[in-house]
**Student:** 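One structure is given below, represented as structure tokens, and several questions about it will come after.
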Protein chains: 2
Amino acid sequence: MDAVEQTEISQLDNIGEKAEQIFEGALQEFLVHGYAGTSMDRVAASAGVSKATVYNHFGDKEGLFIALVKRLAQKKYQIMVESHKAELMETEPAVVVRQIANTILDNSLDDQEHLAFVRLVIGESGRFPELAKTFVHHLGKPGIEVLTEYLTTQCYITILDPEAMARVIIGTLAHYVLMQEILQGKEIIPMERDRIINTLVDLVDHHPKPEI
Amino acid sequence: MDAVEQTEISQLDNIGEKAEQIFEGALQEFLVHGYAGTSMDRVAASAGVSKATVYNHFGDKEGLFIALVKRLAQKKYQIMVESHKAELMETEPAVVVRQIANTILDNSLDDQEHLAFVRLVIGESGRFPELAKTFVHHLGKPGIEVLTEYLTTQCYITILDPEAMARVIIGTLAHYVLMQEILQGKEIIPMERDRIINTLVDLVDHHPKPEI
DNA sequence: GTCTATAAGGAGATAGAC
DNA sequence: GTCTATCTCCTTATAGAC
């Protein structure tokens with residue numbers, strides 16, 4: 001396999017060894033200190049390369065930041081959506097909703113990198129609107145769409161507005177992660193994850209039949 | 001009324017005219033540029049005072065930032081929770097949920113200051129955990145508690161876990177604001193607010209009676 | 001309390017050798 | 001392509017006059 005073919009296999013790999021190092025260093029710094037709080041000196045040091053090399057690869061600080069966030073969004077997409085699509089073919093709504101909820105929470109609640117990434121994208125969404133949109137496109141939209149598709153085909157009798165219901169489910173889970181972990185509220189307003197999941201499962205399991 | 005009594009009436013007013021100016025300048029700068037992206041020079045200029053005056057009042061940049069965010073959290077609390085508590089005494093669940101949803105969305109979706117404030121608190125929640133907790137304590141917790149109290153007393157027959165259901169309702173609305181406005185996703189995944197509200201109203205209106 | 005002026009250090013970005 | 005050394009500007013914070 002030659003170099004040209006390799007670049008078509010994945011947009012994440014084979015970008016050069018130095019570039020990989022720079023991404024790794026930039027990841028550490030931007031996730032911890034934010035965009036304005038990160039210096040290119042520390043990125044270079046953390047990556048183990050000189051500052052000039054960083055500029056040679058990514059042009060300027062903004063270019064590096066944008067490339068990093070887009071790369072991370074793609075990576076998260078593969079983890080959260082692609083690798084779990086197969087599981088969605090179960091027919092029992094209760095089982096499917098429980099599985100989706102567990103997938104989202106398992107990949108969020110204890111993953112400090114993910115929590116820092118969400119903080120970063122939301123925090124910079126006013127100054128980098130395109131990055132916020134990339135995040136929505138790669139992580140918010142697919143989750144809602146996949147669940148909507150499922151609810152539409154499997155629960156069309158009981159759920160009047162599947163897309164709105166998908167947003168209820170995803171929104172509840174996202175807000176739970178935001179409140180408990182990202183905003184560090186788990187000691188202030190504790191809530192067991194299973195109570196959230198059970199309540200969501202109930203919503204689709206015995207939902208109101210339209211009155212007959 | 002003398003000065004001592006005045007300070008007990010509200011923690012928001014009567015902190016000195018210069019301090020008020022500084023808060024106003026700091027508000028503009030921090031909400032737009034974030035913590036690290038804001039310079040004390042621009043805060044002073046925006047406030048119309050000298051930089052030394054800012055330092056005399058608030059010690060350092062961090063002190064000013066913390067004071068500003070705490071002040072804003074209190075202000076938002078009064079707008080979002082206190083001023084709407086009376087409306088909660090309606091007995092119809094459908095009416096109450098619709099009212100809460102409209103209160104939250106009316107005070108969020110079009111309020112650029114509020115959206116920027118949420119961006120700021122989430123974005124800085126890793127570096128200023130106490131501020132994140134203040135936000136949860138003043139804005140997240142009261143909303144959930146008030147709604148939980150209502151659902152517990154008024155819907156105890158149909159809702160098995162009122163606190164979890166309160167989080168479903170609040171979480172759905174918060175996530176809607178986050179996706180559509182804060183992360184600027186309204187063109188990417190459009191959704192009418194009334195579809196969200198109607199779906200939430202249905203949840204409490206004809207919720208599953210436990211099987212008899 | 002408030003101002004002007006300044007200290008001391010860090011920031012983004014580049015020139016030029018290799 | 002990568003490095004070292006450097007340029008220039010901006011940052012937080014304070015000293016000292018009033």
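None of these values were measured; they are calculated from a predicted model. Letters go in sequence order (proteins before strands), and every chain restarts at 1.
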**Student:** Is there a side-chain contact between A:L27 and A:L68 (heavy atoms, below 4.5 Å)?
**Tutor:**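 Heavy-atom side-chain distance check passes, below 4.5 Å.
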
**Student:** Starting at atom CG of A:L64, determine the distance to atom P of C:dA11, rounded to an integer number of angstrom.
**Tutor:**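 To the nearest whole Å, that distance equals 15 Å.
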
**Student:** Using a strict threshold of under 4.0 Å (side-chain N to carboxylate O), is an ion pair present between B:D161 and B:R167?
**Tutor:**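 Salt bridge absent between B:R167 and B:D161.
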
**Student:** Within the structure shown, what part of the strands sits under 4.0 Å from B:D41 by heavy-atom distance: base, sugar-phosphate, or nothing?
**Tutor:**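 Result for B:D41 = base.
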
**Student:** What does B:K18 touch in the nucleic acid at a heavy-atom separation under 4.0 angstrom: a base, only the sugar-phosphate, or nothing?
**Tutor:**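 Result for B:K18 = sugar-phosphate.
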
**Student:** When the ring planes of B:F128 and B:Y35 are compared, do they come out parallel, tilted or perpendicular, using 30° and 60° as the limits?
**Tutor:**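 Answer is perpendicular, since the angle exceeds 60°.
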
**Student:** If you measure from the Lys or Arg side-chain nitrogens to the Asp or Glu carboxylate oxygens, is any gap between B:E181 and B:R119 under 4.0 Å?
**Tutor:**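 No, B:E181 and B:R119 are not salt-bridged.
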
**Student:** Rounded to the nearest angstrom, tell me the gap between atom CD in A:E62 and atom P in C:dA13.
**Tutor:**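 Taking CD of A:E62 and P of C:dA13, I get 9 Å after rounding.
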
**Student:** Could you tell me how far apart A:Q21 (CD) and D:dC3 (C1') are, to the nearest whole angstrom?
**Tutor:**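 A:Q21 atom CD is separated from D:dC3 atom C1' by 14 Å.
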
**Student:** Return the nearest nucleotide to the side chain of B:S50; candidates are C:dG12, D:dT4, C:dT4.
**Tutor:**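 Taking heavy atoms from C-beta onward, the closest nucleotide is C:dT4.
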
**Student:** Send over the distance from A:H57 NE2 to C:dA13 C1', rounded to a whole Å.
**Tutor:**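 From A:H57 NE2 to C:dA13 C1': 17 Å.
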
**Student:** In whole Å, what is the span from the CG atom of A:N56 to the P atom of C:dA15?
**Tutor:**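 Computing the A:N56:CG to C:dA15:P distance gives 11 Å.
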
**Student:** Please give, in whole Å, the distance from C:dA11 P to B:M40 CE?
**Tutor:**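 Spelled out: CE on B:M40 to P on C:dA11 is 18 Å.
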
**Student:** Base, sugar-phosphate or nothing for A:S39? Non-hydrogen atoms, less than 4.0 Å.
**Tutor:**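 The answer is sugar-phosphate, as A:S39 gets under 4.0 Å only of primed atoms, P, OP1 or OP2.
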
**Student:** Between A:F58 (CZ) and C:dT14 (P), how many Å, whole number?
**Tutor:**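 Nearest whole value for this atom pair: 16 Å.
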
**Student:** Take atom CD of A:E20 and atom P of D:dT2, then tell me their distance rounded to the nearest Å.
**Tutor:**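 Distance check: A:E20 CD to D:dT2 P gives 14 Å.
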
**Student:** Which nucleotide sits closest to the side chain of A:Y55: C:dT14, D:dT12, C:dT4?
**Tutor:**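 The answer is C:dT14, which lies nearest to the side chain.
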
**Student:** Are the charged groups of A:R98 and A:D194 less than 4.0 angstrom apart, N to O?
**Tutor:**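 Judged by the 4.0 Å cut-off on N to carboxylate O distance, A:R98 and A:D194 do not form a salt bridge.
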
**Student:** Taking the minimum atom-to-atom distance to the side chain of A:K51, which one of D:dA13, C:dT2, C:dA13 wins?
**Tutor:**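 Ranking D:dA13, C:dT2, C:dA13 by closest atom to the A:K51 side chain puts C:dA13 first.
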
